2 protein chains.
Amino acid sequence: MDRSQLGWERSHDNGAIMPRPPHQRTTIIEVARQAGASKTSVSRYFSGERERLSPDLQGRVAEAARRLGYRPNRMASGLKGGRSRLIGMLVADIRNPFSVAVMHGVEQACRERGLSLMVCNTDNDPAQEREHLALLASYRVEGLVINAVGSPDRELQALVDQGTPLVLLERELGEVEAEVVGLDNARALDLALDHLQTRGYGELLYLSEPPEQASPRQARLMRFLQGIAARDLVGEVHCRPLGEREALHRAIGDFLAGPGTAPRALLCANGNATLAATRALQELGARLGETGLLGIDELDWCALVGPGITTLAQPTEAIGRAAVECLMRRREAGECTTPSRRVQFQASLISRGSTRR
Amino acid sequence: MDRSQLGWERSHDNGAIMPRPPHQRTTIIEVARQAGASKTSVSRYFSGERERLSPDLQGRVAEAARRLGYRPNRMASGLKGGRSRLIGMLVADIRNPFSVAVMHGVEQACRERGLSLMVCNTDNDPAQEREHLALLASYRVEGLVINAVGSPDRELQALVDQGTPLVLLERELGEVEAEVVGLDNARALDLALDHLQTRGYGELLYLSEPPEQASPRQARLMRFLQGIAARDLVGEVHCRPLGEREALHRAIGDFLAGPGTAPRALLCANGNATLAATRALQELGARLGETGLLGIDELDWCALVGPGITTLAQPTEAIGRAAVECLMRRREAGECTTPSRRVQFQASLISRGSTRR
DNA sequence: TTGTAAGCGTTATCAC
DNA sequence: GTGATAACGCTTACAA
C-alpha cells in the first residue's frame, strides 16, 4: 500500500521517512509529483484548461488528486491570479426575511457560477458598514452586492477605484458609480393605492421607518404623497423608528379616531412596519378589514393573521439573481466604462381579508 | 502635493512617471517605502506587534498607511501565516428564522474577535453540504460552525485532520470529534409536556419533519414518546415532510376527529412545523386553545395569530456565541486532544392563548 | 502538449 | 528595534 495513504511520506530534502502532521494539507506540488507531472499541468487541470492536457496526463492528475484529496488553496490562487472567486454581500439586517430571501437568490446565482459568497450583516449600523466594506476589500472580493443604510461613500469609492464591480440593492447611494437593482417603487405604490381605493378606503395612514438615508423609503413615501393627491385620497404619514411602540400606537389610535367618515386603512412601507402595525391594531382592538391593512413585502405569516393580510410581494429571488448578473456583466465589460443602469422589478399584489370590508 | 495622491507614482525599476491604474491596491511595499521603513516593520505594525516598534517608526507607518488607505491583503496573509482570520458556517436552511438568529450570534462573536464569517447555505441538500465543506476547507477557515442535515463524515474528517476546530449545532454527527452546542431537548420536551398536561390536554399529536438524519429531531421525538408514556398521556406522531400538505391535513383532521374525549393538542417540533400546523388548523376551522397548539421555536408572528401561539423559545444568540467560544477554546488548546464536549441550553416557555382552553 | 521560472503580498526566520 | 530574505501555494508568461 502506498505510504502516503498512511499519512507518512518522504520529506523534501532527504529521503528519510518522517511523520506528516495530519494538519498539513496536500499541495499542488505533492499532486504533481505523484502524477509525474509539473505544477503547471496540475494547475491547468484545476482551472478550466483541462482540455489542453493529453488524456493520459489528465488521468494521472485526476487519479493523484483524488487519492490525496487535493483541493486548490483559494487563498493562494486568489493571491497570484487576483481571482478570489469571492463575492461579498453587505446586508443591512440579516433578520429581515426580505433581505434573507434576496440573499438566497444571490447565493444561488453565485453557486451556479462557481463563486463563493461572503455575507456581512451590519445591523443597520453605518460604522459596521464601513468596517465590513473595508474587510471585504481586504479579501479582494471580485464583486459586491450592497444593501446598506448609511452612505459609506469613501469606502465604496475605494472599492470602485480598485476595480471591484458594485451592485446596490434598492438604496442608491451618493455619487458612486454602480448599478441599482430593486423594486419599481412608484408602480408598487400605485398598485397599493389603486387597490385600497377600489376597496373603498378613503383615508390612509402611511407607516414607514424614517426615510432620511434609505432611498427606497424615500421613493415610496414620495409616491405615496403624490398618489393620494392624484387620487383625491386623504393621507397621513407616520415615519418614526418602529421601536417607539408608544408613538406608533398613539399615531394609529389617533388616526382611527379621527373626524372623517371614510373607511380607513394602513399602508405599511415594509415587512417590519407591517409587523408593528399588526401588533398595534390588535392591541387597539381594531378589526382587520374594517380597518384596512396593506403591507409591502410578503411574509410567511401574512396569510395566518385574522382574515389574512393583503401584501405586495417582491420577487426576491429574482432580485438577488439579477444583482449577481449585473456584477458579472460589469466584470466582463472590464475597464470600458459601462454607464450605471437601473434594474427594476414589479411587485405583485396578494389580496387578502385585511382589505375586504 | 504628493504625486501619489493623484494616482501617479514612480515605478519600481526606473524613475519615470507612469500612470497607476486605479485598480491597483496599495501593498505593504508601497507603505514601507513611503514610511521609510521595511516591509517587516509595516507587517509588524499591522499584526499586533505594534509595541515592538519605536514610537517614531510607528508614527511614520501609521501616517503612510493612512495616506495610502492601506489594508493588509487577507489572501496573502492567509497564505503565508496560515491565519485566514476566517470562520466558516454551514447552515442547513438560511430561510429558517431560527438558523438566522443563531447565525447572528455567531457573527457577533466573530466580529468581537476580529474574525470574519463565511456563511454557506445548503438548502437541506447533503450534496451541497459536501460541496460547501470542501469549499470552506479550500479557503482555509480557522474554524467551522456546522448545522447540517446529512452526514458528510468524510469531508468533516478531512477538516478535522487538517486541524480545523469544529462545532456542531444541535445535530451530532457520526464519529467526528467535535463539540456539540444546542438545546437541551429532553428538558425542553418535558417542559412542553408538563405545560400541556397542566392545561388539561390529554391527547397529543406530535408534528415533526422526518427525523432520520437530524439528531435533534430524533432526540425530541424520543423524549416525546418517553414523556407521554411517563405521564399517561395519549400520543400520536406524524413525521412527514411538511411539503406534503394533504397528508398533514389528513393527519390533523383524523386526530381531531378521533374517538377519545380528552382535549387535544398539537406539539410542533420546530418553527416550520408550527407554521404548517397553524395553516392546517385554520383551514380545518379549528379554534386555537380549544385545540391546543405548542411550538418549539419562537417566531415574530406567534403572538399575532388568533389568541397567540404558545412557544418554547431557544436562546438563539447565546447558542451562536457559545459555538464560537467553543471554537476558540479548541484553537487555543491546539494539538492537545481536548475531548468532545456538549453544551446545552435551556428553552423557556412563552405561554399564550393557544394552550388556554 | 508540457515544463520552467518569476512573481502575487504577506509573515517568519534570522541576522544586525 | 529593525531589516533582508526565504517561504506560503498558486498562476502565468515564456520556452521547449
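Worth saying up front: this structure is predicted, and the values here are computed from it rather than measured. Numbered from 1 within each chain, the chains take letters A, B, ... in sequence-line order.
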**OP:** Could I get the full list of side chain to side chain donor-acceptor pair (under 3.5 Å) partners for B:Glu325, not counting sequence neighbours?
**Re:** none
What is the distance from [atom1] of [X] to [atom2] of [N], rounded to the nearest Å?
X: A:Phe46; N: D:dT11; atom1: CZ; atom2: P; answer: 10 Å
X: A:Arg60; N: C:dT1; atom1: CZ; atom2: C1'; answer: 12 Å
X: B:Asn73; N: D:dG9; atom1: CG; atom2: P; answer: 16 Å
X: B:Leu68; N: C:dG9; atom1: CG; atom2: C1'; answer: 15 Å
X: B:Arg140; N: C:dT11; atom1: CZ; atom2: C1'; answer: 17 Å
X: B:Asp56; N: D:dT2; atom1: CG; atom2: P; answer: 8 Å
X: B:Arg74; N: C:dT10; atom1: CZ; atom2: P; answer: 11 Å
X: B:Arg33; N: D:dG3; atom1: CZ; atom2: C1'; answer: 16 Å

Subject >> A:Leu117 CG to A:Gln108 CD distance, which is reported to the nearest 0.5 Å >> reply: 11.5 Å
Original post:
Between CE of A:Met89 and SG of A:Cys110, what distance do you get to the nearest 0.5 Å?
Top reply: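 So the gap between those two atoms works out to 9.0 Å.
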**OP:** Just call it for B:Leu53: base, sugar-phosphate, or nothing, with non-hydrogen atoms closer than 4.0 Å on any strand.
**Re:**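 Result for B:Leu53 = sugar-phosphate.
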**OP:** For A:Tyr70, answer base if it contacts any base atom (sugar-phosphate contacts may also be present), sugar-phosphate if it contacts only those atoms, and nothing otherwise; contact means non-hydrogen atoms under 4.0 Å.
**Re:** sugar-phosphate
Original post:
Are A:Ile87 and A:Arg113 close enough, and set up right, to give a side-chain contact (heavy atoms from CB on, under 4.5 Å), and what steps lead you there?
Top reply: CA-CA 11 Å; A:Ile87 297 295; A:Arg113 291 170 170 76; over 6 Å; no
Does a nitrogen or oxygen in the side chain of [X] sit under 4.0 Å from OP1 or OP2 of [N]?
X: B:Tyr45; N: D:dT2; answer: no
X: A:Ser38; N: C:dG3; answer: yes
X: B:Ser41; N: D:dG3; answer: yes

Subject >> Carboxylate-amine/guanidinium contact B:Glu112 B:Arg321, below 4.0 Å >> reply: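 Here B:Glu112 pairs with B:Arg321 in a salt bridge, since their nearest N and O are under 4.0 Å apart.
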Subject >> A:Arg67 bridged to A:Glu63 by N-O distance under 4.0 Å >> reply: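 Result for this pair is yes, salt bridge flagged.
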Subject >> Atom of A:Glu142, atom of A:Pro165 and distance for their closest heavy-atom approach >> reply: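 Result for this residue pair: O-CD, 3.0 Å.
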**OP:** Return the 5'-most residue of the pair A:Gly78, B:Ala37 with respect to DNA chain D, ranking by each residue's nearest nucleotide.
**Re:**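 On the 5' side of the pair lies B:Ala37.
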Original post:
Counting distance only, does the side-chain N/O of A:Glu107 pair as donor-acceptor with the main-chain N or O of B:Asn121 below 3.5 Å?
Top reply: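 Present.
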Atom pairs, protein N/O to nucleotides 12-16 of chain C N/O, distance under 3.5 Å:
residue, atom, partner, partner atom, Å
C:dA12, N6, B:Thr40, OG1, 3.4

Original post:
Which nucleotide in the set C:dG9, D:dC10, C:dT1 lies at the smallest distance from any side-chain heavy atom of A:Pro72?
Top reply: D:dC10
Subject >> Difference in axis direction between the ends of the helix from C:dT1-D:dA16 to C:dC16-D:dG1, five pairs, 10° >> reply: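 Inter-axis angle at the termini of the helix from C:dT1-D:dA16 to C:dC16-D:dG1: 30°.
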**OP:** Evaluate side-chain contact (heavy atoms from CB on, under 4.5 Å) for B:Glu131 paired with B:Cys120, printing each intermediate quantity in order.
**Re:** CA-CA 10 Å; B:Glu131 190 46 45; B:Cys120 296; over 6 Å; no
Original post:
For A:Ile146 and A:Leu166, what are the C-alpha separation, side-chain angles and deciding distance, and is it a side-chain contact (heavy atoms from CB on, under 4.5 Å)?
Top reply: CA-CA 7 Å; A:Ile146 295 165; A:Leu166 253 50; 3.9 Å; yes
